[in-house]
2 protein chains.
Amino acid sequence: MSNKKLYRGSLSTIILKLLGDNGRMYGYEITQKVKVLTEGELQITEGALYPALHKLEGDGYLKVEFEQVNNRMRKYYSLTEDGTTEVASKLSEMEQFIQTMQQLINPKLA
Amino acid sequence: MSNKKLYRGSLSTIILKLLGDNGRMYGYEITQKVKVLTEGELQITEGALYPALHKLEGDGYLKVEFEQVNNRMRKYYSLTEDGTTEVASKLSEMEQFIQTMQQLINPKLA
DNA sequence: TAATATACTTAAGATTCTTGGGTATAGCAA
DNA sequence: TTGCTATACCCAAGAATCTTAAGTATATTA
């Protein structure tokens, strides 16, 4: 989330949405996926990502599985049932936000 | 900005845009205008608004004129030259943000 | 006469980042 | 073989931006 104040508050939405689409992912994978999907626009720093994952887990939205791959540990995250509900909620909040900002920013057409 | 985390970071953009459209406004007027424009979706609290106005003024984007109306003081804010430049910059950041979020959130059509 | 609206200010605390550090393995280049 | 880059995780100090809640004061409405 380097340098872009507007992304504040949207990280948990992004994480939840990606996990909803991809089933399960590990932290590093999420940073890379976001970089590709946004064509480099959005770079999620590890200092932001990992605390966010821990919080979502603590809130009961994510569950964890450890796995050893190439002699390196990975923590795979996936949605809990509550997490699935939360994705839908977060996405509708995001859509509402975008709509509201467009009301404020775009010249009224009516 | 009650209860909506996503609005974090967007307040200065909103203020600058409104002042760009309306020439000059005072704080209380801004809160009311936003409420009307967003049909109640976004309520800017005074605890957020006034510090934000003071910061924008300190950054050189806004200038102030005092005026006495109905025996009550009003502080009218308007854009400086730098402020006018900043509006354009903030608006394009917001458009970029919205576009990026839609890339992340909407199913790819291509 | 008490509540609501108008109008501005500030301070403590919460949340969510950035920045910068740490640990460790693997692979590639000098 | 040595150092850089990539992979993969973690944490803490500080910054930025908000919420909450308080204070000051006048005008209007119930």
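To find a chain, count down the sequence lines: A is the first, B the second, and so on, and within it residues start at 1.
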Compare side-chain N and O positions of A:K5 against OP1 and OP2 of D:dT17 and report whether any pair is under 4.0 Å apart.
yes

The side chain to side chain contact (heavy atoms under 4.5 Å, CB included) partner of B:I15 among B:L18, B:L11, B:T13 is B:L11

Expressed as a whole number of angstroms, how long is the span from B:H54:NE2 to C:dA11:C1'?
14 Å

Among residues at least two apart in sequence or on other chains, which ones pass ring pair (Phe, Tyr, Trp, His ring centres under 6.0 Å) with A:Y28?
none

Distance check needed: D:dC18 C1' versus B:L53 CG, whole Å only.
15 Å

When A:A48 and B:F66 are each assigned the nearest nucleotide of DNA chain C, the 5'-most assignment goes to B:F66

Does A:Y50 put a side-chain nitrogen or oxygen below 4.0 Å from OP1 or OP2 of D:dC10?
no

Separation of B:K55 atom NZ from D:dA16 atom P, in whole Å?
7 Å

With a 4.0 Å cut-off on heavy atoms, is A:R8 in touch with a base, just the backbone sugar-phosphate, or nothing at all?
base

Do the side-chain N or O atoms of B:Y26 get closer than 4.0 angstrom to the phosphate oxygens (OP1, OP2) of C:dA7?
yes

Partner set under side-chain contact (heavy atoms from CB on, under 4.5 Å) for A:T85, not counting sequence neighbours:
none

Euclidean distance, atom CD of residue A:E67 to atom C1' of C:dT25 [Å, nearest integer]:
17 Å

Distance, rounded to the nearest Å, where B:I44 contributes CD1 and D:dT20 contributes C1'
17 Å

Comparing nearest nucleotides in DNA chain C, the 5'-proximal residue of the pair B:G27, A:G9 is B:G27

Which part of the nucleic acid, if any, lies within contact of B:P51, taking any heavy atom under 4.0 Å across all strands shown: a base, the sugar-phosphate backbone alone, or nothing?
base

Rounded to whole Å, the NZ-C1' distance (B:K4 to C:dT15) equals 18 Å

Counting primed atoms, P, OP1 and OP2 as sugar-phosphate and everything else as base, the B/S/- map of nucleotides 21-30 of chain D against protein heavy atoms under 4.0 Å is B----BS---

Does anything in residues 74-89 of chain B pair up under salt bridge (Lys or Arg N to Asp or Glu O under 4.0 Å), and if so which pairs, sequence neighbours excluded?
none

Could I get the full list of side-chain hydrogen bond (donor to acceptor under 3.5 Å, both in side chains) partners for B:E67, not counting sequence neighbours?
B:R24

List the residues meeting side-chain contact (heavy atoms from CB on, under 4.5 Å) with B:K55, not counting sequence neighbours, and say none if there are none.
B:D59

Take atom CG of B:L49 and atom C1' of D:dT17, then tell me their distance rounded to the nearest Å.
13 Å

Under 3.5 Å side-chain donor-acceptor pair for A:Q96 and A:S92:
no

Phosphate oxygens OP1/OP2 of C:dT9: is one of them under 4.0 Å from a side-chain N or O of B:K75?
yes

Against the side chain of A:Y28, the closest entry in D:dT7, C:dT6, C:dT9 is D:dT7

Atom-pair distance (CE on B:M73; P on C:dT6), nearest Å
17 Å

